[in-house]
Chemist: 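Structure in structure tokens, see below.
Remember, predicted model here, so these are calculated numbers, not experimental data.
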Amino acid sequence: MSIGTIARRAAVVAGAAALGLGASLVLSAPASAETNPSCSSVTQIGVTGHVTVGGANVASVKQFKGCGKNWAYTYVWEGYRSNHSSWEVCTGVATGSSGPFTLEGLKCNNNKVENWSSGTATLSVCTHAIGTLPSDSRQEFGKTDIRC
């Protein structure tokens, strides 16, 4: 793992904690799940959050339950993809009802349109999904609402 990757992943963890301190969240109605590659039967829980870069929503962040686990999901919108030749999208499940949060199931991938976290055994605790994408100067974060 490169130093840059380690630094980006550290920024994801730090950002997850910061999200609990008042980051903005754009809300929309729950939507149907995309196909989870590790669990064929998932249901969205909570509202959809968004990653915002430069004042525009560029990705959807959702939380799902299924197969006895929680899952985070981030979908990178075409508008972002068409303006970036490469990006790293990270997705994870944050636990706790208030910060600092613990980040579980984190998965980061390069140039993926859809990114699923690993499944987490967190159905019995408060959770929310987070997703990140880079902007010109930093990682931008989006999150769902906290579900207990």
Side-chain angles (χ1 to χ4, degrees), residues 1-53 56-78 80-81 84 86-135 138-148:
M1 188 177 309
S2 73
I3 297 296
T5 299
I6 292 169
R8 281 189 300 278
R9 290 183 183 185
V12 169
V13 173
L19 279 173
L21 301 177
S24 65
L25 174 66
V26 178
L27 306 176
S28 65
S32 301
E34 297 298 326
T35 303
N36 183 317
S38 301
C39 175
S40 62
S41 178
V42 294
T43 303
Q44 183 175 348
I45 55 175
V47 296
T48 300
H50 295 93
V51 178
T52 303
V53 173
N57 290 339
V58 298
S60 300
V61 181
K62 300 178 182 183
Q63 182 176 199
F64 296 91
K65 65 178 180 177
C67 300
K69 298 179 180 183
N70 283 104
W71 306 84
Y73 170 83
T74 302
Y75 178 85
V76 182
W77 293 3
E78 172 63 31
Y80 183 90
R81 299 189 320 258
H84 293 80
S86 66
W87 63 89
E88 181 179 55
V89 56
C90 295
T91 306
V93 175
T95 61
S97 58
S98 63
F101 298 102
T102 301
L103 193 58
E104 299 189 31
L106 179 67
K107 280 200 178 173
C108 296
N109 287 293
N110 291 321
N111 301 332
K112 293 283 262 188
V113 175
E114 299 178 90
N115 193 42
W116 285 91
S117 71
S118 298
T120 63
T122 55
L123 290 174
S124 63
V125 298
C126 297
T127 58
H128 62 280
I130 67 155
T132 71
L133 281 170
S135 69
R138 63 185 193 152
Q139 287 291 109
E140 299 293 343
F141 298 85
K143 69 174 189 162
T144 64
D145 59 329
I146 295 174
R147 303 292 295 188
C148 295

Chemist: Determine whether Thr74 and Leu133 satisfy the following criterion, side-chain contact (heavy atoms from CB on, under 4.5 Å), listing intermediate values before the conclusion.
Modeler: CA-CA 10 Å; Thr74 302; Leu133 281 170; 5.5 Å; no
Chemist: Return the set of residues passing side-chain hydrogen bond (donor to acceptor under 3.5 Å, both in side chains) with Thr120 (not counting sequence neighbours), or none when no residue passes.
Modeler: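 Partners of Thr120 under the side-chain hydrogen bond (donor to acceptor under 3.5 Å, both in side chains) test: Thr122.
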Chemist: Looking at residues at least two apart in the chain, or sitting in another chain, which of them share a salt bridge (Lys or Arg N to Asp or Glu O under 4.0 Å) with Glu104?
Modeler: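 For Glu104 there are no salt bridge (Lys or Arg N to Asp or Glu O under 4.0 Å) partners, ignoring immediate neighbours.
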Chemist: Could you tell me whether the side chain of Thr144 and the main chain of Ala129 form a donor-acceptor pair under 3.5 Å?
Modeler: yes
Chemist: Determine, for Lys112 against Glu114, whether the closest basic-nitrogen to carboxylate-oxygen distance falls under 4.0 angstrom.
Modeler: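 No salt bridge links Lys112 with Glu114.
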Chemist: Would you please name every residue forming a side chain to side chain contact (heavy atoms under 4.5 Å, CB included) with Ser118, sequence neighbours left out?
Modeler: Lys107
Chemist: Kindly write out the residues that satisfy side chain to side chain contact (heavy atoms under 4.5 Å, CB included) with Lys69, not counting sequence neighbours, or none if the list is empty.
Modeler: Trp71
Chemist: Do Ser86 and Asn110 have side chains that approach each other closer than 4.5 Å (heavy atoms only, starting at C-beta)?
Modeler: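 A side-chain contact under 4.5 Å is absent here.
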Chemist: Can you find a heavy atom in the side chain of Thr132 that is under 4.5 Å from one in the side chain of Val51?
Modeler: no
Chemist: Between Trp116 and Tyr73, what is the ring plane arrangement, given parallel below 30°, perpendicular above 60°, and tilted in between?
Modeler: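 Rings of Trp116 and Tyr73: tilted, as their planes differ by 30° to 60°.
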Chemist: Who are the side chain to side chain contact (heavy atoms under 4.5 Å, CB included) partners of Arg81, not counting sequence neighbours?
Modeler: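 For Arg81 the side chain to side chain contact (heavy atoms under 4.5 Å, CB included) partners, ignoring immediate neighbours, are Tyr75, Val76, Glu78, Trp87, Val113.
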Chemist: Verify, without hydrogens or angle tests, whether Asp145 (side chain) and Gly46 (backbone) share a donor-acceptor contact under 3.5 angstrom.
Modeler: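 No.
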Chemist: Who passes side chain to side chain contact (heavy atoms under 4.5 Å, CB included) against Cys67, sequence neighbours left out?
Modeler: Cys39
Chemist: Just one of Phe141, Tyr80, Trp77 clears the ring-ring contact (aromatic ring centres under 6.0 Å, His included) bar with His50, so which one?
Modeler: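 Result for ring-ring contact (aromatic ring centres under 6.0 Å, His included) with His50: Trp77.
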